[in-house]
Engineer: 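This structure is in structure tokens; I'll ask about it shortly.
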There are 2 protein chains.
Amino acid sequence: MRTLPHPATEAVRLDTVLAALADPLRRRIVRQLSEGDEAQACGAFDLPVTKSTSTHHFRVLREAGVITQHYRGNKILNQLRADDLETRFPGLLQAILAAEQVTVVPTHRG
Amino acid sequence: MRTLPHPATEAVRLDTVLAALADPLRRRIVRQLSEGDEAQACGAFDLPVTKSTSTHHFRVLREAGVITQHYRGNKILNQLRADDLETRFPGLLQAILAAEQVTVVPTHRG
DNA sequence: AAAGTTGTACGACGCGCTTCGTAGTACGAC
DNA sequence: GTCGTACTACGAAGCGCGTCGTACAACTTT
């Protein structure tokens with residue numbers, strides 16, 4: 001069984017997490033993971049980039065400690081490390097996810 | 001009186017804010033602003049870069065909507081837009097500031 | 001076994017960001 | 001007015017990040 005390295009919860013660094021979440025495509029992945037509570041394979045994400053690039057972004061998220069990746073037969077199941085992140089950086093993930101929601105409201109007089 | 005352009009609270013974008021706060025030097029500025037509640041001139045920050053670079057980072061923070069900059073005689077007074085950010089992205093700034101605190105605690109059994 | 005599916009590894013390219021140095025502007029002090 | 005201070009503007013250099021293409025590996029299906 002192939003396995004992939006994940007940082008321990010205590011080893012997750014704010015620098016890395018913020019850098020990871022600064023990318024819109026990676027936030028899109030995180031968002032989709034946060035919506036469905038089931039683990040999702042990489043192919044379940046309809047991203048406007050090639051598979052190579054997709055792989056790269058998933059790796060960045062995993063190495064930052066934002067998601068877990070586990071081989072399941074042919075595929076890789078991705079899961080948000082919501083609890084770990086909440087433990088390490090309370091409120092951070094929820095604030096970012098909530099913020100993205102509100103961003104869709106640019107309707108403004110004028 | 002010289003003035004500097006600031007984005008309206010509703011125009012502040014999550015993308016830009018996260019990108020701005022992904023830089024350690026800029027978080028350092030934000031942190032220092034959040035600690036002293038008085039407005040601080042650029043020169044009050046002891047940053048390990050030249051003044052040109054310093055100017056650049058302050059500009060990025062201002063254009064992202066994270067700080068305000070107002071000329072006061074010779075200097076520029078910088079202030080954190082904590083309330084505006086709280087309005088637009090509730091909990092985001094506090095979570096990041098709190099997270100930075102916790103990062104300094106890598107003490108871990110083992 | 002052969003073919004299809006799912007995702008990785010590696011090298012390359014382009015762009016943007018951080019950094020710097022120099023020159024310049026606005027303001028205060030004298 | 002002249003000098004010093006505080007910061008900006010602009011151009012240049014370095015390099016890291018996102019992107020891609022091709023080649024490859026592991027597993028499933030037939």
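For the numbers below, each heavy atom of this structure counts, side chains included, while hydrogens, waters and symmetry mates do not. The chains referred to below are lettered A, B, ... by the order of the sequence lines, with proteins before strands, and numbering in each begins at 1. Predicted model, so just to flag it, every value in this text is computed and none were measured.
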Engineer: Grab the OH-C1' distance between B/Tyr71 and D/dA6 for me, whole Å please.
Structural biologist: 9 Å
Engineer: Out of C/dG21, D/dC7, D/dG21, which has the shortest distance to the side chain of B/Thr50?
Structural biologist: C/dG21
Engineer: Side chain of B/His57 only, heavy atoms from C-beta on: which candidate in C/dT18, C/dT8, D/dA6 is closest?
Structural biologist: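 Output: C/dT18.
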Engineer: Are any of the side-chain heavy atoms of B/Val12 and B/Val17 separated by less than 4.5 Å?
Structural biologist: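 A side-chain contact under 4.5 Å exists here.
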Engineer: Within the sub-3.5 Å range, which N or O atoms of nucleotides 28-30 of chain D have a protein N or O partner, and how far apart are they?
Structural biologist:
none

Engineer: Side-chain donor-acceptor pair under 3.5 Å between A/Thr55 and A/Ser52, yes or no?
Structural biologist: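 Checked: A/Thr55/A/Ser52 side chains show no N/O donor-acceptor pair below 3.5 Å.
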Engineer: Is any side-chain N or O of A/Arg2 closer than 4.0 Å to OP1 or OP2 of C/dG7?
Structural biologist: no
Engineer: Can you confirm whether B/His57 sits close enough to B/Thr53 that some side-chain heavy atom of one is under 4.5 Å from a side-chain heavy atom of the other?
Structural biologist: yes
Engineer: Looking only at side-chain N and O atoms, does A/Thr55 come under 4.0 Å of OP1 or OP2 in C/dT8?
Structural biologist: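 Yes, because at least one side-chain N or O of A/Thr55 sits under 4.0 Å from OP1 or OP2 of C/dT8.
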Engineer: Kindly write out the residues that satisfy side chain to side chain donor-acceptor pair (under 3.5 Å) with B/Glu86, not counting sequence neighbours, or none if the list is empty.
Structural biologist: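 Expected list: none.
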Engineer: Kindly point out which of D/dC20, C/dT19, D/dG18 is positioned nearest to the side chain of B/Val49?
Structural biologist: C/dT19
Engineer: With respect to the side chain of B/Arg26, which nucleotide from D/dT19, D/dG21, C/dT18 is positioned closest?
Structural biologist: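 Side chain of B/Arg26 sits closest to C/dT18.
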Engineer: Between A/Ala19 and B/Ile76, which is nearer to the 5' end of DNA chain D once each is assigned its nearest nucleotide?
Structural biologist: B/Ile76
Engineer: If we ignore angles and hydrogens, is there a donor and acceptor under 3.5 Å between the side chains of B/Gln40 and B/Asn78?
Structural biologist: no
Engineer: For a quick test of reading the model: is some side-chain N or O of A/His56 closer than 4.0 Å to OP1 or OP2 of C/dG7?
Structural biologist: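 No, outside the criterion.
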Engineer: So what does A/Lys75 hit on the nucleic acid, given a heavy-atom distance under 4.0 Å: a base, only sugar-phosphate, or nothing?
Structural biologist: sugar-phosphate
Engineer: Taking the side chain as C-beta and beyond, is there a heavy-atom pair between B/Pro48 and B/Arg28 under 4.5 Å?
Structural biologist: yes
Engineer: Answer yes or no: does a side-chain N or O of B/Thr53 lie under 4.0 Å from OP1 or OP2 of C/dT18?
Structural biologist: no
Engineer: Tell which nucleotide pairs with D/dC10, taking only Watson-Crick or G-U wobble pairs whose two distances are both under 3.5 angstrom.
Structural biologist: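 Checking every strand shown, D/dC10 finds its partner in C/dG21, with both distances under 3.5 Å.
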Engineer: What is the minimum heavy-atom distance between A/Leu93 and A/Ala82, and which atoms define it?
Structural biologist: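 Smallest heavy-atom distance, with atoms named: CD2-CA, 4.0 Å.
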Engineer: Is there a side-chain contact between A/Ser52 and the phosphate of D/dG21, meaning an N or O under 4.0 Å from OP1 or OP2?
Structural biologist: no
Engineer: Is there a side-chain contact between A/Arg59 and the phosphate of C/dG7, meaning an N or O under 4.0 Å from OP1 or OP2?
Structural biologist: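 Checking A/Arg59 against C/dG7: no side-chain N or O falls below 4.0 Å of OP1 or OP2.
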